[in-house]
Structure formats: C-alpha cells, structure tokens
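First comes the structure, then the notes that go with it.
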There are 2 protein chains.
Amino acid sequence: MPEPTTSQPLYLRVAAELRQRVLAGLVKAGGPLPSETELMNEFNVSRTTARNAYNVLRAEGLIDSQPGRGVFVREHPPARRLSSERYRREIEQIRRHGTSSTRIPETSFTHDHGIAWEEYHLAKTFEVVTPPDHIAEALKLPSHSMVLARHFVFHARSRPQQISTSYLPLDLVQNTPIANPDNEPWPGGNIAQLATLGITVTRVDESVSSRMPTPGESRTLRIPSGVPVLTISRRMLAGDQPFEAAEIVIPSDRVILDYTIALD
Amino acid sequence: MPEPTTSQPLYLRVAAELRQRVLAGLVKAGGPLPSETELMNEFNVSRTTARNAYNVLRAEGLIDSQPGRGVFVREHPPARRLSSERYRREIEQIRRHGTSSTRIPETSFTHDHGIAWEEYHLAKTFEVVTPPDHIAEALKLPSHSMVLARHFVFHARSRPQQISTSYLPLDLVQNTPIANPDNEPWPGGNIAQLATLGITVTRVDESVSSRMPTPGESRTLRIPSGVPVLTISRRMLAGDQPFEAAEIVIPSDRVILDYTIALD
DNA sequence: CAGTGGTCTAGACCACGCT
DNA sequence: GCGTGGTCTAGACCACTGT
C-alpha cells in the first residue's frame, strides 16, 4: 500500500526494476542478482512476491536460478549458424567424391556447426511405422504405406544440439544400407544416402516455426526455462517428388538459421 | 506424504496429469479445465500447488486462463504461411507493371497472409539515427553514417501481426519519396521502393531465430503467455552490396516460414 | 450474488552449495 | 552450519464474469 505508482502489481514492478538493471548493464551477464531474502528486504515484499518477480524474468529467459547458489543473469554464448547453403555443399562433395564408401569428412551438420567429424556422436533408433498424416501427405504416399522412421539426437561439444526424426518410404529403403542403423553416422548426410539409391535431390523445402519445448524435449535437449525451440519441417525432393521428410527440433539459443533467396 | 509415486514434486505430477488429459483429447481445444478450487479438492492440494501446476502449463503455451471465467485449453488457429517465394513475386510484378505510381495490389505481406490490400493498415514512425552496430555492419556502412529507421506495426484481421524496423542508408533515400511516411503503405513493398532508385534487388538474406518476447512486444503484439516470437534479420542486396536491413518480430503462433532451397 | 483467477502475506521444511 | 532456491500450506482481499 505504500506507493501505488502506476497501480501495476507489486511483483511486476519489482520485475521491471530488476529487468532494467540487467538491460542497463548494472549486472553483468553471468553476474549475481539479489537473493530472494535480499529482495524481500530491499522492496519490503513477501517471499512469494519476490519469487513471482523472478518467475517473470525466468519465463522471459533473462535469468537462471541455481538451487543453493543464487540467481544469475543468463549468458548468451554466440549461436551457431545453420546455413541453407549446407545442402549445396553436400551436393558438391558428392559430385567430387562420388557415393562410394570413402569417408567424406563433412555433413551439413558438422560443417555448419564447425564441429570435427570425430567430435560428435548420435543416439539413434530406427523403426518401421505407419506415418503420421502430415508426414504421409508431405511424402505424397499412397494410403497404408509404411515408412522407415529414424530418430536421432545429435550431440556436440558435450551438449545435445538437436532432435530429428527422418521419414523415408519403406519401399525405397528396405534391405538397403540406409535401413541399417550401424551405418550411421553416414558421411555426407541424407543427400548422399539418397544418391546411393540413384536419387539426385534437386530441392529442399524447409518450414520453420517456433514453440515452447515439451517436457520430454526439455529433458533430452537440456533446455533452460524461458527458451523456445525452433521447429523445422524439411522435405527433400527430386523434381516434384518428395523422397524424405524430417521433423527437426533445435533449442533456439543454440542456433541461427540462415537462408539465401536468389532473385535470378 | 500420501503417495510419493516417483518423488516428483506434487505440482509437477498434477501438471503432468492435466497435460495428459489435454493431449489425450479428454478436454477439447477451447474447452474448460478444472477450476483451481476443483483442483484443490480433486488432488488434495493447496491452492498454491494447484496454481503452480497451471503455471507450468501456461509457460508451455498449453492453456489460457481468463480472470473470472476459468482455465481453458489454448486453441491453435491455422498459422499463415510466409513463403520466401514472395520476393520473387514482387520482382515479377515490378517487371510487369514498372515502378510507376500505379497501385500494385500486392506486397509480400498481403500476398502471403491472404489479406486483401484494403484490409490492413500500419502504424509507422520514421526517424534518422546512427544505426546499431550490427545494422551498420549488415549494411557495410562507413562509420558515422546515418540511416533512416522506419518502424512499422502491421495489423490485419483486427490483430497485430508483426513488428518490423527497416534501415536504409540515409545517403540513399534522403529527399526521396521513400523517406516520406505519407507514402506508406507503398505498393509492391521494399523491392519496389528500391527499384524507384534504380536498384534491382538480386538477393535477400534472412537469418531466423526465436526467443521469448520482451514485455513491450507482448503488449503491442498481444502475445499470450507461453508463446515465443520468431525473429528475422533480413538484408536486401544487389550483387554483394546490401541496401536494406530489417529486424522483424512475429509471434510464432501466427506464422510458418517457408523456404525453398534449389540445388540447381 | 457466487465463483473465478490474480495478487499478497506469513510461515514451514527440504536439498543443495559453499566455507 | 548457514544461506540459497524449491516446494507446500493456510488464509486473505481484490476485480472480474456470470446469473
């Protein structure tokens, strides 16, 4: 009841004050914010109100709190850039080296992330399933067709980086090396895999959006609170015929997607 | 103390149960969830714990709560698609109609959103400023150069749809019709504007990421809690020379960005 | 008017990190 | 062992929505 100021709720005014301190640079990135007890004293509020203020800033992705340690300004390590040009590079490598089993030391993933081939590994499970409707549609599959669903979790720099689920028509890949998980990671990536089947990818379509992660995604990607995920629905086509569809989920604090649109 | 189950916090177990009901379709989109009082009775928890459970689901973007009414499953109206092909269409229109003052009834914005020309309007403020560092760099400007900063808020279907700030080198546009806010909205969009200066845009670069909205963005775009924004940094170039840079912010529940990558 | 979510208080126990 | 954030309780007043 002391000062109504703008009649905004108390916890929002506290949050606004702390936000301003962070944005003004009064507290460095990684630096400590007042403990909840200090907040109670400084603003003469209850602990609940102090916590509500911090909850707001947590949801904005501005702060991190560590049990037993304190509350800190979140650091923003430079994001890696994922360029649409990566697909062009894959095509060129295949042209140069062919589709033989020679190890090509680059995939779109390793190149874009500046990660050496040896550095990353992936968790994977393959299964044969009837595809979700939107996948069947994306692949222009006749009804009741089956697909090979390949689930990947990419790790690099000792952190999980992305989840992707790739769908291939079962007719296409059954009894081929592609259907064998032991051949992963496959040098040269998806485009190289399709090349071994005689399919030359001429177009990649990507649809990008964003949302908050599911609890499962938060767990496997170790996403801090207040950080959304980018979702990419990708199709690889030869002419107008799609041969692969994928759903990709990437924490948005780890990546920037670069697209170049040439207007001839 | 009754059942430790998995020793997960109480409010998370309540949240998990409610999440499952929603995902299993037991509660329709837009349908009501138990009131906080009902939650207290059903799970034998305090009101704080009930509210904490709902806070989790709110942060996930799963639910909306309306004061005096109740808690509801969030609806997901179909998102509009923003295609990278829109820039190609602008180029074609300019080729067909020239850069005369004839009203071209299409801009990248109206086309992609399926919104008629008359339906939308924009709030705008123009100002001459020294650009932020990353903008000066994006435009390859010599130091101490000034830019024209144009701030837009696009509205359509009686909802705000996007914020964009466009930067143009002041040398380029000073004393031209482009620097006059009264000429907005400009038929044909940015590419048409640059065409009047004799600049043919040959390439558009877009860098996409995502984050939680700032309080200001939440207010002007009326973004519900648990919904991130997509951020697009755009450059328009002729050859390798950039002529426009823009920062675009779009609520992620209103759009899907489509990119086509042609591999010659 | 009764019921709803939003805000705020005071107090308690816990696991954790640090010294 | 002390301070930290995380969890949980009980209780209160408010503005708002519905009837």
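By convention in this document, chain letters (A, B, ...) are assigned in the order of the sequence lines, proteins followed by strands, and residues within each chain are numbered from 1.
Considering only side-chain N and O atoms, B:S46 lies nowhere under 4.0 angstrom from the phosphate OP1 or OP2 of D:dA10.
Summarising the geometry, the separation between CZ on B:R47 and P on C:dG5 is reported as 8 Å, rounded to the nearest angstrom. In this structure, B:R69 atom CZ and D:dC16 atom C1' are separated by 11 Å, rounded to whole Å. If you measure from atom CE of A:M40 to atom P of C:dG11, you get 9 Å, rounded to the nearest angstrom. Rounded to an integer number of Å, the gap from CG of B:L10 to P of C:dC13 is 18 Å.
With sequence neighbours excluded, the residues that form a side chain to side chain contact (heavy atoms under 4.5 Å, CB included) with A:E127 are A:V129, A:A149, A:H151.
When side chains are defined from C-beta on, B:Y259 does not count as touching A:V204, because their heavy atoms never get closer than 4.5 Å.
Residues A:P213 and B:E60 come closest through the heavy atom pair O-CG, 4.5 Å.
Map A:G68 and A:Y11 each onto its nearest nucleotide of DNA chain C; the residue landing nearer the 5' end is A:Y11.
Note on B:K28 versus B:E75: no salt bridge recorded, every NZ/NE/NH1/NH2 to OD/OE distance being 4.0 Å or above. Salt bridge B:E206/B:R234: absent, no basic N to carboxylate O contact under 4.0 Å.
A donor-acceptor contact under 3.5 angstrom links the side chains of A:R81 and B:S207, judged on distance only.
Distances from the side chain of A:E36 to the nucleotides C:dT7, D:dG5, C:dG5 place D:dG5 closest.
Contacts between residues 48-67 of chain B and DNA chain D, defined by a heavy-atom separation below 4.0 Å, involve B:T48, B:T49, B:P67, listed by number.
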